[in-house]
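Down below is the structure, laid out as structure tokens.
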There are 2 protein chains.
Amino acid sequence: MNKTSEQSEAILRRPIGIFDSGVGGLTVYRALHNRLPNEHFVYLGDTARVPYGTKSLATVERYAIENSQFLAALGIKLLVVACNTASALALPKIREKIGLDVVGVIGPGARKAVEAAGARPRIAVIATEATVQSDAYAASIRQACAIAEVVQTACPLFVPLAEENWTREPETFSIAGKYLREIKEFEPEALVLGCTHYPILRDVIQQTVGENVKLIDSGEACADEVARLLNEKGLANPHRVTGTRRLCDDLDHFYVTDAADRFGRVAERFLGAKPAKLEAVEVFGVDELKESK
Amino acid sequence: MNKTSEQSEAILRRPIGIFDSGVGGLTVYRALHNRLPNEHFVYLGDTARVPYGTKSLATVERYAIENSQFLAALGIKLLVVACNTASALALPKIREKIGLDVVGVIGPGARKAVEAAGARPRIAVIATEATVQSDAYAASIRQACAIAEVVQTACPLFVPLAEENWTREPETFSIAGKYLREIKEFEPEALVLGCTHYPILRDVIQQTVGENVKLIDSGEACADEVARLLNEKGLANPHRVTGTRRLCDDLDHFYVTDAADRFGRVAERFLGAKPAKLEAVEVFGVDELKESK
């Protein structure tokens, strides 16, 4: 083996970086982990500054770039922006600053919804206030299919309901009924779960809109796109992991910007396992320091 | 009038500073405004970093100090920490850093609850996870009355329900029924609303626990304490405001660290008026910059 192939060997073994505003991105991590069992992951949850969904464009961009720079410095081979709000608002800026392939959740989710729908697609999107206001899903859907009809609704209570693990409570069904009334009347073929927390409430949402509506998990769509990209660019890790991989095992490393205990507890609710490697770190202030010099 | 009295005259005309992690502190502002119509207020909502209720001690302390320094630099005569989480976790550090009188919401709320209860007080507290875990209300209540019995419960969904303005919805009653079940069985004499958002759901909470339980609004208790302190220290503004004062009129100045539009909208839901003076500012990074020099 010559030096160049040794170097590229090393690149293939590098982890895939994932960042999210907090714990929600764990559903995207789960999708990636299930889809790519030979890959290692580094996850950053920006729990000190969560949520992004109610913050402004400039702020979300700044946080997203700081998170991306933190992960890039760890030597990742590809960056996944698991947070829908950051994907909607900050992807161009991240790509500008980071010399790596960057995959968000909006584009993959939108394209998968168009594939799942018919020739004249009727697609509904549920997401945070900021994602809905950004119109990013609707723009991505129309880019994939110009004649698609799109209805979008923000569901602010879904995030705390998911974090409380109220996945079967009658209150959750009742709230879902209110939020999804307009979408039900729209009779979509596909409904995009445009916030990382929403797959936790998947059953409630499916029962509310009816079994004939195809639910699109943007995290799963993102995992498919990452798999395709790794193969296309020859970046997939050729070293098979021996034995069985489990979610949150010690091949994956988790970082949070605050309150690691709470992150561990919610990870257990969402994934059934606590991260084996979980660390609190400081990622912010980097840019301000640079600018002040 | 000699120079010294001119100077102290100027001090009396200075505004009272209020900070909160976001919009919730507007209920404390309302209480202060109603109690002290001759005073002017400067309010800082740290909307870029909200919520504090799920963050760690170190992070809440850091944010609280940055907010306090921002308001102190504006020339306030007294600082109100409207945020329960910051009051629970960061009051000693703030007092250490700021050469001003500082009033939080925990102490006043706890003392008012003890006054409202009987000789062997039975007091319930509802608050965020962080406030409950800090045990600050229980400690303050026991300081006022060593034999008081205290039960505390976190009600995470109350904040988003208040922000959605779901103040009469059956889902809110149902969720309140679940959260407050243990407290109802405890049969308290007084129930402290230990989070700034909870007064918005006051009617739901009162109906759920029963009319015989005295609800203690920590914001109102805090306003009483501020009024007492101003009189005691001769700091009250002697200049009567001519005409009628309204909430959010142009004598009060509001600052937010992000998303001023959303703050304005929620202010209208909470107070029935949008701030006449509302500005987005940057308060953070101050300490990091200093330390790097």
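Every chain is numbered from 1 and lettered A, B, ... according to where its sequence line falls, protein lines coming before strand lines.
- For a residue to count as touching a neighbouring chain, one of its non-hydrogen atoms must lie under 4.5 Å from one of that chain's; by this rule A:Glu163 does not touch chain B.
- Under the salt bridge (charged side-chain N to carboxylate O under 4.0 Å, His left out) criterion, A:Lys178 pairs with B:Glu171, sequence neighbours left out.
- Atom CZ in B:Arg49 sits 11.0 Å away from atom OG1 in A:Thr59 (nearest 0.5 Å).
- Across all their heavy atoms, B:Pro51 and A:Pro51 have their closest contact at CD-CD, 3.5 Å.
- With a 4.5 Å cut-off on non-hydrogen atoms, A:Thr47 touches chain B through its backbone but not through its side chain.
- Remark: A:Glu268 CD is packed, more than 12 non-hydrogen atoms of other residues, nucleotides or ligands lying under 6.0 Å away.
- Residue B:Leu57: no heavy atom, backbone or side chain, is found under 4.5 Å from chain A.
- Nearest heavy atom pair, residue A:Pro160 against residue B:Leu157, reads CB-CD2, 3.5 Å.
- Note that CZ of B:Arg265 and CD of A:Glu129 are 6.0 Å apart. Values are rounded to the nearest 0.5 Å.
- Pairing each heavy atom of B:Lys55 with each of A:Val50, the nearest pair is NZ-O, 3.5 Å.
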